[in-house]
J.: 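One structure, as structure tokens, below. Some questions next.
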2 protein chains.
Amino acid sequence: MDFNYSDTLTHLMGHVIKLHRQSVDLLIQEHDVYPGQPPLLLRLAEQDGQSQKELANKLQVTPATLTVMVNRMQRTGLVIRKPDPVDQRVSRVFLTAKGRQAIDAVKEALQQIECKCLENFSLEEKLLFRRLLWQMHENLQAFKRENT
Amino acid sequence: MDFNYSDTLTHLMGHVIKLHRQSVDLLIQEHDVYPGQPPLLLRLAEQDGQSQKELANKLQVTPATLTVMVNRMQRTGLVIRKPDPVDQRVSRVFLTAKGRQAIDAVKEALQQIECKCLENFSLEEKLLFRRLLWQMHENLQAFKRENT
DNA sequence: TCCTATTAGTTAGACGACTAATTATTAGTG
DNA sequence: CACTAATAATTAGTCGTCTAACTAATAGGA
């Protein structure tokens with residue numbers, strides 16, 4: 001019972017994710033947006049001025065990671081940090097004008113790639129794919145709960 | 001026509017991949033194997049003593065990345081580098097005894113998680129999932145070809 | 001044969017992510 | 001009220017990955 005990692009579904013998925021990142025990056029790099037930043041930008045587009053803790057939770061990332069991300073994006077002028085007036089511990093992240101412009105490109109790019117990804121998929125296939133992916137997500141979540 | 005990144009298939013896939021990594025890591029970290037190393041170990045299990053270039057190609061990683069990976073794995077004693085006797089430019093990577101031991105644990109872990117991932121999947125669903133994933137892979141590859 | 005091109009690998013510096021330890025500030029309790 | 005708990009963010013150090021610049025060695029052509 002030999003086991004080939006290359007035949008594994010997660011191996012293939014990993015490659016797809018990587019290709020996806022690279023493809024999106026091709027379209028957005030001119031806006032000073034790096035591959036990990038689109039999710040943060042989009043969360044800010046939904047609601048500006050969230051605390052870093054809120055953002056970290058939504059992005060499923062540790063607060064430490066978020067601090068570093070915000071530092072870089074502040075340096076490239078996409079966002080700006082402002083202290084919360086009530087609670088001095090929290091700092092809130094706001095989009096700059098440049099950030100807002102970048103978001104348009106980012107949305108456009110993600111949309112385009114998602115569309116490209118799903119070329120030749122029927123509606124049923126899309127739905128099924130999502131269902132299976134979700135099932136996988138739940139299975140892994142269960143595994144983590146059992147083994148922590 | 002508002003666009004929600006959270007509803008995106010690739011967003012969900014990203015989470016699944018992340019959970020997968022974390023889950024595998026739970027099972028292998030005691031063997032001094034870090035999350036990015038299983039693929040390299042398994043390639044060496046297939047064929048020991050490959051050149052770094054060969055390995056980089058198979059892992060779809062740049063030579064620079066491979067150099068760093070091998071450095072770390074050499075430091076933790078999983079592999080060892082030996083110069084090619086014919087061509088002095090190439091250095092070949094070999095498993096150590098510890099590396100070979102780790103591989104057993106890694107295979108076991110990957111198998112277990114892959115199995116867990118696919119809980120409640122029928123055979124048809126597995127096949128279909130792979131087919132759709134492959135289609136996505138081809139779509140993205142085509143996109144990259146068109147935009148490079 | 002010698003000089004140039006190509007090739008394999010490395011290094012430096014950046015981004016993305018994590019854990020563990022640290023700093024400030026707020027909340028709660030005796 | 002004072003002291004301890006808990007919370008938000010940061011820092012330091014590591015792993016994973018990339019690009020660009022560099023070194024060393026081989027291959028090829030004039």
Side-chain angles (χ1 to χ4, degrees), chain A residues 14-15 17-26 28-29 31-41 49-76 78-79 81-93 144 148, chain B residues 14-15 17-26 28-29 31-41 49-76 78-79 81-93 144 148:
Chain A
H15 273 308
I17 288 291
K18 191 168 178 174
L19 278 170
H20 186 270
R21 267 205 166 210
Q22 290 171 348
S23 303
V24 172
D25 192 41
L26 272 177
I28 60 172
Q29 59 192 357
H31 295 265
D32 279 346
V33 179
Y34 290 86
Q37 300 171 356
L40 177 47
L41 287 173
Q50 297 181 66
S51 73
Q52 297 192 187
K53 178 169 187 54
E54 286 171 322
L55 290 167
N57 278 140
K58 290 185 183 174
L59 299 183
Q60 296 271 278
V61 146
T62 61
T65 298
L66 207 103
T67 292
V68 177
M69 284 177 73
V70 172
N71 284 346
R72 285 174 186 150
M73 293 169 78
Q74 193 161 29
R75 202 183 310 138
T76 53
L78 293 169
V79 302
R81 241 189 284 246
K82 293 181 192 167
D84 185 292
V86 178
D87 188 337
Q88 308 278 143
R89 286 171 305 181
V90 353
S91 78
R92 302 195 165 274
V93 184
K144 277 195 70 183
T148 306
Chain B
H15 273 307
I17 288 291
K18 191 168 180 177
L19 278 171
H20 185 271
R21 267 205 166 209
Q22 291 170 346
S23 302
V24 172
D25 194 42
L26 273 177
I28 61 174
Q29 59 191 357
H31 295 263
D32 280 346
V33 179
Y34 289 86
Q37 303 173 353
L40 177 47
L41 288 173
Q50 296 182 68
S51 74
Q52 295 191 189
K53 181 171 181 54
E54 288 171 320
L55 290 167
N57 278 140
K58 291 185 182 173
L59 299 183
Q60 297 270 277
V61 146
T62 62
T65 298
L66 207 100
T67 292
V68 177
M69 283 177 76
V70 172
N71 284 347
R72 285 173 185 153
M73 291 168 79
Q74 194 161 30
R75 203 183 309 137
T76 53
L78 293 169
V79 302
R81 243 189 283 246
K82 294 181 191 169
D84 184 293
V86 178
D87 189 336
Q88 309 277 145
R89 284 172 305 184
V90 355
S91 77
R92 302 194 165 275
V93 184
K144 275 194 70 182
T148 305

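No hydrogens, no waters, no symmetry mates; every other heavy atom, side chains included, goes into these values. Only a predicted model underlies this, so the values are computations on that prediction, with no experimental measurement involved. Convention: sequence-line order gives letters A, B, ...; per-chain numbering from 1.
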J.: Tell me every residue that passes side-chain hydrogen bond (donor to acceptor under 3.5 Å, both in side chains) with B:Lys144, counting only those two or more places apart in sequence or in another chain.
T.: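 With neighbours one apart ignored, the set is A:Gln22.
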J.: Identify the heavy atoms of B:Gln37 and B:Val33 that sit nearest to each other, and give their distance.
T.: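 Shortest heavy-atom contact: OE1-CA, 3.6 Å.
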J.: Atom CD of A:Gln88 and atom P of C:dA27: how far apart are they, to the nearest Å?
T.: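 Going from A:Gln88 (CD) to C:dA27 (P), I get 11 Å.
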J.: Based on the glycosidic angle (syn within 90° of 0, else anti), state the conformation of D:dA21.
T.: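 Chi for D:dA21 falls in the anti range.
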J.: Would a 4.5 Å heavy-atom cut-off, applied to side chains only, mark A:Met73 and A:Leu41 as touching?
T.: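 The answer is yes; the side chains approach within 4.5 Å.
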J.: Once salt bridge (charged side-chain N to carboxylate O under 4.0 Å, His left out) is applied, do any residues pair with A:Arg81, and if so which ones, sequence neighbours excluded?
T.: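 For A:Arg81 there are no salt bridge (charged side-chain N to carboxylate O under 4.0 Å, His left out) partners, ignoring immediate neighbours.
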J.: C:dT10, OP1 or OP2 - any side-chain N/O from B:Arg81 closer than 4.0 Å?
T.: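 So the side-chain polar atoms of B:Arg81 do come within 4.0 Å of the phosphate oxygens OP1 or OP2 of C:dT10, strictly under.
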J.: Testing B:Leu59, B:Thr65, B:Leu66 for side chain to side chain contact (heavy atoms under 4.5 Å, CB included) with B:Thr62, which one passes?
T.: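 Between B:Thr62 and the candidates, side chain to side chain contact (heavy atoms under 4.5 Å, CB included) is satisfied uniquely by B:Thr65.
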J.: Are A:Leu19 and B:Gln60 close enough, and set up right, to give a side chain to side chain contact (heavy atoms under 4.5 Å, CB included), and what steps lead you there?
T.: CA-CA 11 Å; A:Leu19 278 170; B:Gln60 297 270 277; over 6 Å; no
J.: If you compare all heavy atoms of B:Pro35 against all heavy atoms of B:Arg21, which two are closest, and at what distance to 0.1 Å?
T.: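 Closest heavy-atom pair between B:Pro35 and B:Arg21: CB-NH1, 3.8 Å.
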J.: First contact, last contact: which nucleotides of DNA chain D are these for chain B, 5' to 3', heavy-atom distance under 4.0 Å?
T.: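 That gives a stretch of D:dC15 to D:dT26.
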J.: Working to the nearest 0.5 Å, report the span between OG of A:Ser23 and CD1 of A:Ile28.
T.: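 Rounded to the nearest 0.5 Å, the OG-CD1 separation comes to 11.0 Å.
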J.: Contacts to DNA chain C from residues 54-73 of chain B, heavy-atom cutoff under 4.0 Å, which residues?
T.: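 Per residue number, the list reads B:Pro63, B:Ala64, B:Thr67.
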J.: What's the CD-P distance between B:Gln22 and C:dT19, to the nearest Å?
T.: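 Taking CD of B:Gln22 and P of C:dT19, I get 8 Å after rounding.
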J.: Could you walk me through whether B:Thr76 and B:Arg72 pass the side chain to side chain contact (heavy atoms under 4.5 Å, CB included) test, one step at a time?
T.: CA-CA 6 Å; B:Thr76 53; B:Arg72 285 173 185 153; 5.8 Å; no
J.: Categorize A:Arg21 for me: base, sugar-phosphate, or nothing, with a 4.0 angstrom heavy-atom threshold over every strand shown.
T.: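 A:Arg21: backbone/sugar contact only, no base atoms under 4.0 Å.
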J.: Separation of B:Asp25 atom CG from C:dT19 atom C1', in whole Å?
T.: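 Answer to the nearest Å: 11 Å.
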J.: B:Tyr34 has an atom OH; how far is it from atom C1' of C:dC18, in whole Å?
T.: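 Answer to the nearest Å: 12 Å.
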J.: With 3.5 Å as the limit, what N/O pairs link the protein to nucleotides 4-7 of chain C?
T.:
residue: C:dT7; atom: O2; partner: B:Arg89; partner atom: NH1; Å: 3.2

J.: Taking for each residue the nucleotide of DNA chain C with the nearest heavy atom, is it A:Val86 or A:Gln37 whose nucleotide lies nearer the 5' end?
T.: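 Nearest nucleotide further toward 5': that of A:Gln37.
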J.: Atom CD in B:Gln52, atom CE in B:Met69: separation rounded to 0.5 Å?
T.: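 The CD atom of B:Gln52 sits 10.5 Å away from the CE atom of B:Met69.
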J.: Which whole-number value in Å describes the distance from A:Gln52 CD to C:dA24 P?
T.: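 Rounding to the nearest Å, CD of A:Gln52 and P of C:dA24 are 17 Å apart.
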J.: Find the distance A:Leu41:CG to C:dC15:P and express it as a whole number of Å.
T.: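 From A:Leu41 CG to C:dC15 P: 15 Å.
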J.: From CG of B:Leu19 over to P of C:dC18, roughly how many Å is that when rounded to an integer?
T.: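 The distance from CG of B:Leu19 to P of C:dC18 comes to 12 Å, rounded to the nearest Å.
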J.: Between C:dC18 atom C1' and A:Lys144 atom NZ, what is the distance in whole Å?
T.: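 Interatomic distance, NZ of A:Lys144 to C1' of C:dC18: 12 Å.
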J.: Work out which heavy atom in B:Val93 is nearest to a heavy atom in B:Val70; give both atom names and the distance.
T.: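 Of all heavy-atom pairs spanning B:Val93 and B:Val70, the closest is CG2-CG2, 4.2 Å.
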J.: When the axes are fitted on five pairs at both termini, how much does the helix from C:dT1-D:dA30 to C:dT25-D:dA6 curve, in 10° steps?
T.: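 Result, rounded to 10 degrees: 20°.
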J.: May I ask you to test the A:Ser51-A:Asp84 pair for a side-chain heavy-atom distance under 4.5 Å?
T.: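 When only atoms from C-beta onward are counted, A:Asp84 and A:Ser51 do not touch, as no gap falls below 4.5 Å.
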